[in-house]
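One structure is given here, and the rest of the page talks about it.
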Amino acid sequence: MSWMSGLGWKDGLSSLQLQKVEDLEKNLQKSANNANQKQMQIDTLQQALDKLKRKKEEDLKESGSLQAELTQVQKQCQELEDRNQTLRSELKTKETQVASLQGQLERTNHQLDTARGSIKKLEIEKDSQVCPATPSRPSITPQKRDSIKIGTSADISPEQRILELQKKLAERDQ
């Protein structure tokens, strides 16, 4: 209110009144200073609030992108889990097939061993048998002699007998 001091309105006031006016002017100055400080605090707080709002928006955007990424990763995990289940099922099937084939292989090996034993037995039998010399007699139909098999061990060579046994074994395995 110093601008009013030039107007001369204080002229003629008592010292007590002048003291009161000065006190009021000081209070007014303090109030103006307080108001300025409060306004500066409000401005600072407004800036901080704006900064927090921007940070919140950025965090929401990042949260949205992270949520989308999480959804995608969950989908990929589910696909991998499904694929894993499928592969486990296929593996179980293959293991069952392998076990079955191993059983067949063992049975076939056993049959093969049995056939080999029979072949060895026949070879030993063949070697131990002494074939007596048969007189050769003229045949009435010599061209048919090869097609007629009487069934004696002298008429069938051991190699043919082995081949026949192997053929029968193969037919039985099928």
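Below, each value reflects all heavy atoms present in this structure, side chains not excepted, and no hydrogens, waters or symmetry copies.
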[X]: hydrophobic cluster co-members (side-chain, 4.5 Å):
X: I42; answer: none
X: L165; answer: L122
X: I119; answer: I162

Rounded to the nearest 0.5 Å, what separation is found between the [atom1] atom of [X] and the [atom2] atom of [Y]?
X: S89; Y: N84; atom1: OG; atom2: CG; value: 11.0 Å
X: N109; Y: R107; atom1: CG; atom2: CZ; value: 11.0 Å
X: S63; Y: L70; atom1: OG; atom2: CG; value: 10.0 Å
X: L49; Y: K51; atom1: CG; atom2: NZ; value: 12.5 Å
X: K121; Y: E125; atom1: NZ; atom2: CD; value: 6.5 Å
X: T44; Y: M40; atom1: OG1; atom2: CE; value: 6.5 Å

Please name all residues satisfying side chain to side chain contact (heavy atoms under 4.5 Å, CB included) with [X], sequence neighbours left out, ordered by chain then number.
X: L52; value: none
X: E159; value: K126, S157
X: R116; value: L112, D113
X: Q85; value: E81, R88

By side-chain hydrogen bond (donor to acceptor under 3.5 Å, both in side chains) - contacts of [X] (at least two apart):
X: N36; result: none
X: E106; result: none
X: D43; result: Q39
X: D59; result: K55

Worksheet item: Is the number of heavy atoms from other residues, nucleotides or ligands within 6.0 Å of CD (E90) greater than 12?
Response: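 Check passes, neighbour count above 12.
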Could you tell me whether the side chain of [Y] reaches within less than 4.5 Å of the side chain of [X], counting heavy atoms only?
X: N33; Y: Q29; result: yes
X: E95; Y: V98; result: no
X: K167; Y: E164; result: no

Worksheet item: Side chains of D82 and Q78: donor-acceptor distance under 3.5 Å anywhere?
Response: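 Checked: D82/Q78 side chains pair up, N/O donor to acceptor below 3.5 Å.
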Side-chain donor-acceptor contacts of residues 14-24 below 3.5 Å, not counting sequence neighbours, with atom names and distances?
from: S14; atom 1: OG; to: Q17; atom 2: N; distance (Å): 3.3
from: Q17; atom 1: OE1; to: S14; atom 2: N; distance (Å): 3.1
from: Q19; atom 1: NE2; to: D23; atom 2: OD1; distance (Å): 3.4

Worksheet item: In this structure, which one of R54, Q47, Q46 forms a side-chain hydrogen bond (donor to acceptor under 3.5 Å, both in side chains) with D50?
Response: Q46
